[in-house]
S.K.: 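Below you'll find the structure I mean.
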Amino acid sequence: MKTGFVSLIGRPNVGKSTLMNCIVGTKIAITSKKPQTTRNQIRGIYNDFNSQIIFLDTPGIHKPKHALGENLNTFSYQSIKDSDFIVFLTPINEKIGPGDKKIIEKINLDKSCALITKIDLGSEFDAIEKSKELKKIGFNDVIGCSAKINNSIKHLLEFLKTKIKGNTLFYEKEEITDVSLRFIVKEIIRESAIELAKEEIPHSIGVEINKLFERENFIEVEATIFVERESQKGIIIGAKGSNIKKIGINTRKKIFKNFGYKSI
């Protein structure tokens with residue numbers, strides 16, 4: 001049995017959470033086109049008959065504009081120290097900029113690879129050119145991947161199995177994450193709220209689960225959504241409660257899709 005910890009590192013919106021959800025086969029980390037959606041370090045656990053890889057999904061590293069941003073960066077850089085191997089993600093349709101290079105400076109390239117994400121959005125020529133650029137920076141291994149191309153994820157996993165050296169089983173084989181259903185439901189509600197909110201809202205949204213009861217085939221959830229300012233309540237609630245109703249509907253759909261639970 002080979003085991004190890006792998007950090008997924010990169011700027012916001014490069015595909016870290018989407019990749020980890022694909023690897024474990026269900027939604028454990030929320031995704032959004034809006035930056036800094038991931039606030040916590042979530043572990044996704046991949047198991048097969050001879051390996052266990054614990055993936056650390058980290059907040060996107062960015063130029064912070066507030067204390068929350070600084071704390072998110074700290075979480076991400078700490079994961080570099082906690083990992084056996086690092087995967088630096090960069091989309092095929094985005095240039096490698098100063099933000100990327102700042103992150104790469106913090107990485108030990110001898111225990112890292114570069115992962116070109118969203119390869120379905122580019123051509124083979126784009127992939128070759130980006131790979132050359134990443135190797136010029138110092139990466140020995142560059143891999144292409146897309147959440148829409150299953151074989152690319154399998155190829156990534158086979159590569160990572162050659163890089164982990166541990167032999168201690170850290171989690172039971174049937175586990176796919178270290179976070180609870182309560183935490184995942186809270187994050188799904190936050191994701192649904194972010195999807196409906198305007199640009200200034202996401203960092204202000206918080207969710208608290210007041211109660212969560214699991215039954216045989218459904219769960220009962222009561223939650224409170226928090227915003228920073230009184231003026232933001234109207235955006236979340238919507239005209240005649242239209243937005244808060246949509247948040248509830250979308251949350252129930254996601255819970256059923258990922259866990260098979262009907263929810264009320």
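What you see below is based on every heavy atom in this structure, not just the backbone, and it leaves out hydrogens, waters and symmetry mates.
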S.K.: Look at Glu187 together with Lys27 and state whether they make a salt bridge at an N to O cut-off of under 4.0 Å.
M.R.: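 Salt bridge between Glu187 and Lys27, a charged N being under 4.0 Å from a carboxylate O: no.
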
S.K.: Is it the case that Thr26 and Asn21 place a side-chain donor and acceptor less than 3.5 Å from each other?
M.R.: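 Judged by distance alone, the side chains do not pair up.
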
S.K.: Do Leu56 and Ile42 touch side chain to side chain, with heavy atoms closer than 4.5 Å?
M.R.: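 No, every pair of side-chain atoms sits at 4.5 Å or beyond.
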
S.K.: Please examine the side chains of His155 and Glu158, heavy atoms only from C-beta on, and report whether any two atoms are closer than 4.5 Å.
M.R.: no

S.K.: Taking only Lys NZ, Arg NE, NH1 and NH2, and the carboxylate oxygens of Asp or Glu, determine whether Glu208 and Lys186 approach each other closer than 4.0 Å.
M.R.: no

S.K.: When you check the side-chain N and O atoms of Thr168 and Thr3, is any donor under 3.5 Å from an acceptor?
M.R.: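 No donor-acceptor contact under 3.5 Å links the two side chains.
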
S.K.: State, with a plain yes or no, whether a side-chain heavy atom of Asp57 is found less than 4.5 Å away from one of Ile28.
M.R.: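 They are not in side-chain contact.
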
S.K.: Excluding sequence neighbours, so at least two apart, what forms side-chain hydrogen bond (donor to acceptor under 3.5 Å, both in side chains) with Asp84?
M.R.: none

S.K.: For the residue pair Ser123 / Asp126, report whether a side-chain donor-acceptor contact shorter than 3.5 Å exists.
M.R.: yes

S.K.: Is any side-chain heavy atom of Ile164 less than 4.5 Å from a side-chain heavy atom of Gln52?
M.R.: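 They are not in side-chain contact.
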
S.K.: Run the ring-ring contact (aromatic ring centres under 6.0 Å, His included) test against Tyr261 and tell me which residues pass, sequence neighbours left out.
M.R.: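 Residues passing ring-ring contact (aromatic ring centres under 6.0 Å, His included) with Tyr261: none at all.
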
S.K.: State, with a plain yes or no, whether a side-chain heavy atom of Ile188 is found less than 4.5 Å away from one of Phe259.
M.R.: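 The answer is yes, as the side chains (C-beta and beyond) meet within the 4.5 Å cut-off.
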
S.K.: Going by ring pair (Phe, Tyr, Trp, His ring centres under 6.0 Å), name the pairs with one or both residues in residues 232-256, residues two or more places apart or in two chains.
M.R.: none

S.K.: Where do Ile107 and Ser112 come nearest, in terms of heavy atoms and distance?
M.R.: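 The pair with the smallest heavy-atom distance is CG2-OG, 2.7 Å.
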
S.K.: Which heavy-atom pair separates Ala223 from Asn210 by the least distance, and what is that distance?
M.R.: C-ND2, 3.6 Å

S.K.: Is any NZ, NE, NH1 or NH2 atom of the basic residue among Glu195 and Lys254 found under 4.0 Å from an Asp or Glu carboxylate oxygen of the other?
M.R.: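 Yes.
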
S.K.: Evaluate Phe170 against Phe5 for ring-ring contact (aromatic ring centres under 6.0 Å, His included), listing each step before the verdict.
M.R.: CA-CA 10 Å; Phe170 292 94; Phe5 289 81; 4.8 Å; yes

S.K.: I need the full list of salt bridge (Lys or Arg N to Asp or Glu O under 4.0 Å) pairs touching residues 233-245, with sequence neighbours left out, sorted by first then second residue.
M.R.: Glu230-Lys233

S.K.: Are Ile104 and Leu109 packed together at the side-chain level, in the sense that at least one heavy-atom pair is separated by less than 4.5 angstrom?
M.R.: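 Yes; the side chains approach each other to less than 4.5 Å.
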
S.K.: Could you tabulate the donor-acceptor pairs under 3.5 Å formed by side-chain atoms of residues 127-146, not counting sequence neighbours?
M.R.:
{"unit_1": "Lys130", "atom_1": "NZ", "unit_2": "Thr90", "atom_2": "OG1", "d": "2.9"}
{"unit_1": "Lys130", "atom_1": "NZ", "unit_2": "Pro91", "atom_2": "O", "d": "2.5"}
{"unit_1": "Lys130", "atom_1": "NZ", "unit_2": "Glu94", "atom_2": "O", "d": "2.4"}
{"unit_1": "Ser146", "atom_1": "OG", "unit_2": "Asp120", "atom_2": "OD1", "d": "2.7"}
{"unit_1": "Ser146", "atom_1": "OG", "unit_2": "Lys148", "atom_2": "N", "d": "3.1"}

S.K.: For the residue pair Arg182 and Val185, establish whether any side-chain heavy-atom pair is separated by less than 4.5 Å.
M.R.: no

S.K.: I'd like to check the salt bridge (Lys or Arg N to Asp or Glu O under 4.0 Å) partners of Glu174; sequence neighbours left out, ordered by chain and number.
M.R.: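 Glu174 satisfies salt bridge (Lys or Arg N to Asp or Glu O under 4.0 Å) with no residue once adjacent residues are dropped.
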
S.K.: Given the rule that I, L, V, M, F, W and Y join up when any side-chain heavy atoms are under 4.5 Å apart, are Val227 and Ile237 in one cluster?
M.R.: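 No, no single cluster joins them.
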
S.K.: Side chains of Phe55 and Ser7: closer than 4.5 Å at any heavy-atom pair?
M.R.: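 Heavy-atom side-chain distance check fails, nothing below 4.5 Å.
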
